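Comments concern the structure below.
None of these values were measured; they are calculated from a predicted model. Worth knowing before you read on, the calculation uses all heavy atoms, side chains too, and leaves out hydrogens, waters and symmetry mates. Naming convention: chains lettered A, B, ... in sequence-line order (proteins, then strands); numbering from 1 in each chain.
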Amino acid sequence: MKYTEDHEWLSLDGDIVTVGITEHAATALGDVVFVELPEVGTMVSKGDEVAVIESVKAASDISAPLDGEIVEVNEAIVDAPSKVNEDPLGEAWFIKIKIDDVGAVNDYMDEDAYNDHIG
Amino acid sequence: MAEAQNDLKYLPLNDLHVELGGKMVPFAGYSMPVQYPMGVMKEHLHCRAQAGLFDVSHMGQVILRGCAYAELAEALEGIIPQDVVGLAEGRQRYGFFTEAEGGILDDLMFANRGDHIFMVVNAACKAEDLAHMRAMLPGIEVVEITDRALLALQGPQAEAVLAALMPATADMNFMDVAVMDWDGAELWISRSGYTGEDGFEISVPVAVAEAFARALLADARVAPIGLGARDSLRLEGGLCLYGHDIDTSTTPVEAGLAWAIQKVRRSGGAREGGFPGAVHILEQMTNGAPRKRVGLRPEGRAPMREGVELFASAEGGELIGHITSGGFGPTVEAPLAMGYVPAEMAAPGTVVYGELRGKRVAVTVTKLPFTPANFKR
């Protein structure tokens, strides 16, 4: 698993990367009450805002970590946003992106580097 | 930022909040717990189901004294539009300081305590309120009480919890005030709050505040509640937050607070007017205000927060108002908000549109409060 400075996690399987938010991010956000996800088929560029998370405290965005096409979104967290707090690293993934450049994933932090980043 | 940090004031119960795992944030110049490990959502639901303990010691506690109650009351009526003279001893009322244009300087609670008036004002306004009263109430002693904490115990179990420590509190009705002894300390208690639930606000000497808070927290029905849930509770309760839903640009009539101006101070009343902005406020009470504060229910699940722009139609058209506070209501299980709309769009059921991330989302004007008030009348 790889991590962005914006507290997203990336898990690569072939050329499909699954994106979610870290435990640290979920805790900092507090109780999540609303999630908005992009449409499947959307072409995204790195840095594009692709999802919105609203907690009891504030709104925040999720940006695309890589260039590619949204191939799947997790409707379960739209129906039950509290899953994001319960299982951010597992069941509550956000989107799957079919990425153009598989190697670009390696530009992101590994777990140790991320732990230093939030430490 | 470092400077601002150094200027932060600490509540008398700061150590207890830290011990309880409170996440401390700056608010109105104080370091305050925004939430405890339970989290905003569960704290909110716990308060509605059982009882929550809030530390509201940042708020201003003020005593007016120096002459008989009747004289104090008459003087105070010169700066607030409430019936102070007619308030019975041992009773409390909601009120507000008004300014010349009819705007609201602050909202407050005031009580007839026999030989003096006790009031609680907002933390962010207290310096201005004290200066205002000292300037406008010559000959009256305006005393800021700084040696007392202020705790709120709110929720359907609040009565049972407090009565276990002080049985006589169970006999108090909504907006009653009383002085009671707890472990040798004098507590000033009112049956009121800011959650829409039954409950009490308790002024307690700093020296025993922690012991008293611990005695309440020792009851399994009580959980400590932070500012986050305090805000969502009062929002569901349809209660105004000063500086957001009301301020100097909003009149009491626009804010839907005309109910808090008693008949005796209205047009035709025995002590009609006589407060700052009376001409404007009484005119609006007769002819209506051009805009009204309303409850708003956004469609879907996305919260609409303070500042969201409101429009009459789904596309185009002019701005008709703003959301003044909003978020997610844990009890209602939906986003909710309050804001100002033109009077002709203020009827419950009217659909307006809030602009959220560039998209107009339907918002239905809804009767306040969003959750039924559970006061002990």
### Message
At a 4.5 Å cut-off on heavy atoms, which part of A/V52 comes close to chain B: side chain, backbone, both, or neither?
### Response
side chain
### Task
Evaluate the side-chain proximity of A/V33 to B/M41: yes if any heavy-atom separation is below 4.5 Å, no if none is.
yes
### Task
Answer yes or no: does atom CD of B/E299 have more than 12 heavy-atom neighbours from other residues, nucleotides or ligands under 6.0 Å?
no
## Note on the structure
Filtered by a 4.5 Å non-hydrogen cutoff, the part of residues 301-324 of chain B contacting chain A is B/R301, B/A302, B/P303, B/R305
### Message
Is A/S55 close to chain B through its backbone or its side chain, or both, or neither, when contacts mean heavy atoms under 4.5 Å?
### Response
backbone
### Query
Is it the case that more than 12 heavy atoms not belonging to A/D116 sit under 6.0 Å from its CG atom?
yes
### Shortest non-hydrogen separation from B/V40 to A/D31 and the atoms involved
N-OD2, 3.4 Å
### Message
Please report the interatomic distance CG(B/L227) to NZ(A/K57), rounded to the nearest 0.5 Å.
### Response
11.5 Å
### By side-chain hydrogen bond (donor to acceptor under 3.5 Å, both in side chains) - contacts of B/D107 (at least two apart)
B/Y94, B/N122
### Query
Would B/R357 and A/E49 count as a side chain to side chain contact (heavy atoms under 4.5 Å, CB included) if you check the C-alpha gap in whole Å, the side-chain angles of each, and the deciding distance to 0.1 Å?
CA-CA 11 Å; B/R357 294 178 276 271; A/E49 285 174 12; over 6 Å; no
### Task
Heavy-atom distances under 4.5 Å only: say whether B/Q35 touches chain A with side chain, backbone, both or neither.
side chain
### Task
Sort A/A59 into side chain, backbone, both or neither according to what part of it lies under 4.5 angstrom from a heavy atom of chain B.
both
